[in-house]
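Only heavy atoms go into these numbers, but all of them, side chains included; no hydrogens, no water, no symmetry mates. Here is the naming used below: chain letters follow the sequence lines, and residue numbers restart at 1 for every chain.
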Protein chains: 2
Amino acid sequence: MKNRLKVMRAERDWSQQDLAEQLGVSRQSVNAIETGKYDPSLPLAFRIADVFELPIEEIFLRDEA
Amino acid sequence: MKNRLKVMRAERDWSQQDLAEQLGVSRQSVNAIETGKYDPSLPLAFRIADVFELPIEEIFLRDEA
DNA sequence: AATTTATGTAAAGGAAGCTAGACATGGAGC
DNA sequence: GCTCCATGTCTAGCTTCCTTTACATAAATT
């Protein structure tokens, strides 16, 4: 499951730390999600969607294939 | 995090077992999600959305408050 | 009455998500 | 040079998600 977090964060000029604080998670979690180590939980995915004001489907992308 | 799984499943007249097989998870997982024991992972939420052909946001609802 | 189906629940174990703490690197600015 | 930042990574530990196995109940069927 890929995501557009890094790009969307860059568009807003937020650091991983900035985003982590808005989401209420650790900087390491944001980093791990961005670098593809794991996917966020569903509740966290909703918070991410809220922060970026976008539907989940526009942030997280089904794996091709 | 609430969800409309039970109703949507009833609308289609699927058993928990039917849905579990379509999703590739155990019947207990479907039951646990429906009865609110826990939320699905993000990848599973996407599969659920695919099976019901609805956006995630129309199936899973942010907790009010 | 006996069987089948659907649902709910529980326990134990493995896999995935998340934490705090620490360390390394590269870039920007003194 | 040194010092911040921002990012990436690692570890140990805890919580959440998901599994198999199993048991209980109610409803429908035979």
**Q** Out of dG8(C), dT7(D), dC18(C), which nucleotide sits closest to the side chain of Q16(B)?
**A** dG8(C)
**Q** Go nucleotide by nucleotide along DNA chain C from the 5' end; which of W14(B) and D39(A) gets its closest nucleotide reached first?
**A** W14(B)
**Q** Touch check for S41(A), heavy atoms < 4.0 angstrom, all strands: base, sugar-phosphate only, or nothing?
**A** sugar-phosphate
**Q** Quick one: D18(B) CG to dT7(C) C1', roughly how many Å, whole number?
**A** 13 Å
**Q** Nearest to the side chain of S29(A), heavy atoms from C-beta on, is which of dT9(D), dG8(C), dC18(C)?
**A** dC18(C)
**Q** Could you state the atom-to-atom distance from CD1 of I33(B) to P of dG8(C) in whole Å?
**A** 13 Å
**Q** Using atom CD of E34(A) as one end and atom P of dT7(D) as the other, report the distance to the nearest whole Å.
**A** 7 Å
**Q** Has the side chain of Q28(B) got a donor or acceptor atom sitting under 3.5 Å from an opposite partner on the base of dT21(D)?
**A** yes
**Q** Describe the nucleic acid contact of S26(B) in one word from base, sugar-phosphate, nothing, applying a heavy-atom distance below 4.0 Å.
**A** base
**Q** Can you work out whether K37(A) or T35(B) has the more 5'-proximal nearest nucleotide on DNA chain C?
**A** T35(B)
**Q** Verify salt bridge (Lys or Arg N to Asp or Glu O under 4.0 Å) between R12(A) and D18(A), making sure each step is shown before the conclusion.
**A** CA-CA 10 Å; R12(A) 288 158 181 78; D18(A) 292 334; over 6 Å; no
**Q** Contact class for Q17(B) (heavy atom, under 4.0 Å): base, sugar-phosphate, or nothing?
**A** nothing
**Q** Taking the minimum atom-to-atom distance to the side chain of P40(A), which one of dG8(D), dC18(D), dC18(C) wins?
**A** dC18(C)
**Q** Closest approach to the side chain of Y38(A), judged atom by atom: which nucleotide of dT7(D), dT7(C), dT19(C) is it?
**A** dT19(C)
**Q** Name the nucleic acid region contacted by S15(B), choosing base, sugar-phosphate or nothing; use a 4.0 angstrom heavy-atom cut-off, strictly under.
**A** sugar-phosphate
